[in-house]
Amino acid sequence: MSTEYAPIPAPAHTKHTGAQPGMRGRQVKRKRRRLSVEPIYWFFLLPTLILITLVITVPAIVGFFFGFTNYIGVGDWDFIGLANYKTLFADPAIRQSYFFTLGFSLVTVIIVNIISFLLAVGLTAKIKFKVTLRAVFVLPMVISGIIIAYVFNFLFSTTLPNIGQALGISWLEQSILSDPNWAWLAVVIVTAWQSMPTMLLIYIAGLLSIPTDVYEAAAIDGASKWQQMMRITLPLVFGYVVINIVIGFKNYLNSYDIIVGLTGGGPGTATRSVALTIITGFFGGDYAYQMANATIFFILAIALAVLQLSLTRGRNAI
């Protein structure tokens, strides 16, 4: 009896249909859609770019060019090369303005950061009326710098000397604003008083971001308040310290309104900052000369900012 086996059919080859190319086409379209920018983004971005270009970039380029001329702000001008820059480095008034600006900025940023940090620690502790106290300490931030300068000008030139005369305190009878050796201290005090709230808020935000469990665990391990401050608080808020130092130093380099209202750059040129020197020169017929000064000041500010960031690289992440 013979058994017949049905022949095994050969495997059919899968036919490629038009679905796979269609899927690929849809994937490409999706990728293009992801890479493309929605028109609404350009609607918000382009006006800002145009405004920054017209108000900041173009004037900066034009001013940089005029730094190589003898332009006084009006009329004709001639190209004089690096003459303005050579004169700048030999000008004692310019050197004095840079010396004052850098020294004032360094002292102020140190004082403001120390006081702001200590106040932030106190205002985040378990004390009564801390919300009210925070509001009180933030008030100077909403007042114009020129108004603050005029108020302190009256206090330093009139109120304090009168108090000194009434109490017989000789060193208080003379206004600090009229002393070339100490007028800078008045500028530091007023600038610190006006800028402290901004740094205070940043430090408060940093301290509130630290989990309370960390302090509880440290207290259980026997760490004192000082050890918790040095080994927990400071390392965890170091990023906020960097932010305050960089922003504060940049703002102090550009100090203008408080100096104008408080001392006017005097007595003499003892408290004349670089910004005040540049702006005064613009209106005094030294346009090209001060544009060269502004270019050097810009390069110096960028270099200092890069130096600050490089010194704290790897430790400034928040």
Side-chain angles (χ1 to χ4, degrees), residues 104-156 159-160 163 185-220 223-262 305 308-309 312 315-318:
F104 151 77
S105 301
L106 181 62
V107 173
T108 307
V109 78
I110 293 173
I111 293 175
V112 172
N113 273 277
I114 292 175
I115 297 177
S116 298
F117 180 77
L118 294 177
L119 286 175
V121 172
L123 293 176
T124 53
K126 297 179 180 179
I127 59 174
K128 294 182 179 180
F129 310 112
K130 62 180 179 182
V131 176
T132 304
L133 290 174
R134 289 179 189 175
V136 171
F137 281 110
V138 170
L139 280 177
M141 188 172 61
V142 300
I143 305 175
S144 171
I146 193 69
I147 295 176
I148 293 173
Y150 282 129
V151 171
F152 273 92
N153 184 303
F154 180 80
L155 291 176
F156 286 131
T159 305
L160 290 180
I163 293 176
L185 183 59
V187 178
V188 170
I189 293 172
V190 179
T191 304
W193 189 86
Q194 195 259 347
S195 62
M196 204 174 295
T198 303
M199 297 189 181
L200 174 63
L201 291 177
I202 294 176
Y203 280 132
I204 289 177
L207 292 172
L208 292 178
S209 68
I210 302 176
T212 56
D213 299 343
V214 179
Y215 293 106
E216 293 174 359
I220 293 174
S224 63
K225 292 294 183 181
W226 176 254
Q227 289 174 329
Q228 293 178 24
M229 172 71 69
M230 300 303 297
R231 299 185 180 182
I232 297 176
T233 304
L234 283 177
L236 291 179
V237 299
F238 187 80
Y240 297 88
V241 175
V242 173
I243 290 176
N244 277 335
I245 290 176
V246 173
I247 295 177
F249 200 81
K250 188 268 296 182
N251 291 335
Y252 301 145
L253 287 177
N254 298 325
S255 293
Y256 174 76
D257 52 350
I258 288 180
I259 296 176
V260 170
L262 190 63
Q308 288 175 332
L309 293 175
T312 55
R315 300 183 61 190
N316 57 353
I318 295 177

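Keep in mind that this is a model prediction, so the values were computed, not measured.
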Beyond-backbone contact of Lys250 with Val109, side-chain heavy atoms, under 4.5 angstrom: no
Got Ile127 and Leu133 here, is their nearest side-chain heavy-atom distance under 4.5 Å? yes
Heavy-atom pair of closest approach, residues [X] and [Y]:
X      : Y      : answer
Met196 : Ser116 : CG-OG, 3.0 Å
Ala186 : Phe156 : CB-CE1, 4.0 Å
Pro197 : Val138 : CB-CA, 3.8 Å
Ala223 : Gln227 : CA-OE1, 3.3 Å
Pro235 : Met229 : CD-O, 4.4 Å
Ser105 : Leu253 : OG-N, 3.5 Å

Dump the intermediate steps for side chain to side chain contact (heavy atoms under 4.5 Å, CB included) on Val151 and Ile143, then the final yes or no. CA-CA 11 Å; Val151 171; Ile143 305 175; over 6 Å; no
By the definition side-chain contact (heavy atoms from CB on, under 4.5 Å), identify the one residue from Ile247, Asn113, Leu119 that meets it with Met199. Asn113
Test Ile111 against every option in Ile115, Thr108, Ile114 by the side-chain contact (heavy atoms from CB on, under 4.5 Å) rule and name the one that passes. Ile115
Let me confirm one number: the [atom1]-[atom2] distance from [X] to [Y], rounded to the nearest 0.5 Å.
X      : Y      : atom1 : atom2 : value
Leu200 : Met141 : CG    : CE    : 9.0 Å
Ile258 : Ile147 : CD1   : CD1   : 11.5 Å
Leu201 : Tyr240 : CG    : OH    : 13.0 Å
Phe154 : Leu262 : CZ    : CG    : 14.0 Å
Leu155 : Phe152 : CG    : CZ    : 6.5 Å
Ile232 : Lys225 : CD1   : NZ    : 10.0 Å

Less than 6.0 angstrom separating the ring centers of Phe117 and Tyr203, yes or no? yes
Looking at Val188, is its backbone amide N or carbonyl O close enough to the side chain of Thr191 to form a donor-acceptor pair, meaning the two atoms are under 3.5 Å apart? no
Which is it for Thr233 and Tyr215 under the side chain to side chain contact (heavy atoms under 4.5 Å, CB included) test, yes or no, and what are the steps along the way? CA-CA 9 Å; Thr233 304; Tyr215 293 106; 2.7 Å; yes
